[in-house]
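Only one structure is covered here, and it is reproduced in the block below.
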Number of protein chains: 2
Amino acid sequence: MNSDFTLAIHSLTLLALQPDRMSTSEYIAESAGVHPVRIRKVLSLLKKHGFIKSKEGTGGGFIFALELSEVSLWDIYKITSEGALQPKCPESNEQCIVGANMQSVLFTIFLGAENHLGEYLKDYTIKEVVSLINQK
Amino acid sequence: MNSDFTLAIHSLTLLALQPDRMSTSEYIAESAGVHPVRIRKVLSLLKKHGFIKSKEGTGGGFIFALELSEVSLWDIYKITSEGALQPKCPESNEQCIVGANMQSVLFTIFLGAENHLGEYLKDYTIKEVVSLINQK
DNA sequence: CCGATCTGTAATATTTATCATTGTAGTATA
DNA sequence: TATACTACAATGATAAATATTACAGATCGG
């Protein structure tokens, strides 16, 4: 699984705990253990989809834009990792009935798998994640 | 998703279509478009779990050991890719409540996700895959 | 208006993971 | 005993993920 997905969840959870002030990419990066530029890249996706707001300049940073329960892990998956479940087949032999058709058969099966996973991920929102973090 | 998973399915499907003779790693590799050594590596896992048999020497190779309907994609996933769904978190900051606990929260969630995926993959056996290939 | 502090983004370098290749030993067959 | 295989380890090449650097643009407070 794509680690942008993890980073997005981590970032949103952190923002959820700082509802009243802007958090900088450096602050988030420090918590997540990655480079600030990566955080900005991932968060710019989340911003594009309206989950967070950002502001440049002094005192700027990122802040949650919705209710915590309005953002599910499935939403985040779709933005950061759609298609990640698909196995990447090598170029196989078109002369062989298996080589020629395996890719499209697996594609179909994994499309279903991704939707099935979606049903599971929909049940977890950032609200749940925050409460799981707090339980620890 | 790990491509060993794909290779295993590809190989088993090919073996399913050659029920009466041994198939060599070179033959399978040609169909799958990868190096024979990789095929042998993946197939040795499947052999260890009793799904196929192998024989060395002239006229040797690999052959299916069970009924096609006895091998599901979930079985293959567990052998080749268990844990692949788990996002690989970077070392995060232990000083921060989020950094300190995110990994274990995500681990739990993705354990559930993998089991949920399992329910889906159990419905596809090599028999189904073969028939999907033939439909094309 | 100027300097400091941010985001936004592209370009490049570095690290890591994946995969191919080579080599060698062992087994079966004819 | 020569040939055709698997088995497996070790090394090398390639591709993907990630960090780093660099710079432009926004915002704020003197």
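Throughout, protein chains are lettered first and strands after them, A, B, ... in sequence-line order, and every chain is numbered starting at 1. Note that these values count all heavy atoms, side chains included, but never hydrogens, waters or copies made by symmetry.
Each of B:Val37 and B:Thr24 was assigned the nucleotide of DNA chain D with the nearest heavy atom; the assignment lying further toward the 5' end belongs to B:Thr24.
Residue A:Arg40 is classed as a base contact, given a heavy-atom separation below 4.0 Å to a base. At the heavy-atom level, B:Val34 lies under 4.0 Å from the strands shown only through sugar-phosphate atoms.
Regarding contacts with the backbone of D:dA7, a side-chain N or O of B:Lys47 is found under 4.0 angstrom from either OP1 or OP2. Under 4.0 angstrom from either OP1 or OP2 of D:dA7 there lies no side-chain N or O belonging to B:Ser44. Between A:Ser3 and the phosphate of D:dT18, there is a side-chain N or O to OP1/OP2 separation shorter than 4.0 Å. Taking only side-chain nitrogens and oxygens, A:His35 never comes nearer than 4.0 Å to OP1 or OP2 of D:dT18.
A salt bridge links B:Asp4 and B:Arg38; the closest N-O separation between the charged side-chain nitrogens and carboxylate oxygens is under 4.0 Å.
Aromatic rings of B:Phe5 and A:Phe110 (six-membered ring for Trp) have centroids within the 6.0 Å cut-off, being under it.
Between the side chain of B:Gln18 and the main chain of B:Ser23, no donor-acceptor pair closer than 3.5 Å is present. Side-chain atoms of A:Glu128 come within 3.5 Å of backbone atoms of A:Thr125 as a donor-acceptor pair (strictly under, hydrogens ignored).
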Please write out each protein N/O paired with an N/O of nucleotides 11-15 of chain D under 3.5 Å, distance rounded to 0.1 Å.
none

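The hydrophobic cluster containing A:Leu111, built from Ile/Leu/Val/Met/Phe/Trp/Tyr side-chain heavy atoms closer than 4.5 Å, also comprises A:Phe107.
Within residues 53-60 of chain B, the residues approaching DNA chain D are B:Ser54, B:Lys55, B:Glu56, B:Gly57, B:Thr58, by heavy-atom distance under 4.0 Å.
Taking 4.5 Å as the limit, some side-chain heavy atom of B:Met102 sits within range of a side-chain heavy atom of A:Val129.
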